[in-house]
Amino acid sequence: MISGSFYALLAGFLSAAASLSAKLSLGADYLRELCESGLSGWTETHGATSACDWLHIPLRLLCGGLLFTCNAVMWTFFSKALRHCSSSARATVTTTASNFISSAVLGRVIFGESHAALWWVGISLTLCGLLVLHGSSTQTLPQEESKKDT
């Protein structure tokens with residue numbers, strides 16, 4: 001059986017993928033630039049510069065569809081994480097940390113973005129809190145134990 005933390009990690013990654021899809025579909029001309037760089041060898045031999053003038057539109061629609069799909073699947077995994085984790089805080093913090101880290105990696109790989117040192121300090125504190133949260137165990141109070149025995 002898959003643990004709630006795994007579902008939370010997947011939900012965080014999918015939320016980052018949804019954000020990436022939104023940026024690609026609604027943002028500046030990232031897709032047009034990607035098309036032109038991808039077809040650079042093709043344009044020199046076949047003169048396909050006009051292909052990028054219209055190809056970015058279906059690519060934007062595809063990214064828009066991917067945005068809604070990633071969000072729907074992300075909510076499914078987040079719901080499963082809430083059901084399988086021992087606390088809702090554990091599922092929420094794990095999903096948030098996974099989202100931050102996935103967003104940083106995807107932003108660096110796709111867009112060449114970099115983050116300031118303060119951002120890395122913040123994510124480090126989040127991860128430390130996540131370790132404390134996952135390392136703690138739930139303890140029952142003595143009164144609750146006596147109620148369970150009766």
Considering non-hydrogen atoms only, spot the tightest contact between [X] and [Y] and give its length.
X: A22; Y: L67; value: CB-CD1, 3.9 Å
X: L24; Y: C63; value: CB-SG, 3.8 Å
X: A11; Y: M74; value: O-CG, 3.0 Å
X: S103; Y: A16; value: OG-CB, 3.5 Å

Is it the case that the side chain of [X] and the backbone of [Y] share a donor-acceptor pair, with hydrogens and angles ignored and the cut-off at 3.5 Å?
X: S98; Y: L9; value: yes
X: S21; Y: A17; value: yes
X: S102; Y: N99; value: no

- Run the side-chain contact (heavy atoms from CB on, under 4.5 Å) check on R108 and S114 step by step: do they pass? CA-CA 6 Å; R108 180 71 172 171; S114 61; 3.8 Å; yes
- Item | Parallel, tilted or perpendicular: ring planes of F78 versus W75, cut at 30 and 60 degrees |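 Geometry flag for W75 against F78: perpendicular rings.
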- Task: Look at the rings of W120 and H115 and say which category their plane angle falls in: under 30° parallel, 30 to 60° tilted, over 60° perpendicular.
- Result: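 The arrangement is perpendicular - the two ring planes meet at more than 60°.
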- Message: With a 6.0 Å cut-off (strictly less than), is the heavy-atom count around CZ of F111, excluding the residue itself, greater than 12?
- Response: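 Correct, the count exceeds 12.
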- Given side chains that start at C-beta, do those of L14 and N71 come closer than 4.5 Å, heavy atoms only?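 In short, these two side chains do not touch, never coming nearer than 4.5 Å.
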- Task: List the steps, then state whether side-chain contact (heavy atoms from CB on, under 4.5 Å) holds for T126 with L130.
- Result: CA-CA 6 Å; T126 303; L130 184 64; 5.7 Å; no
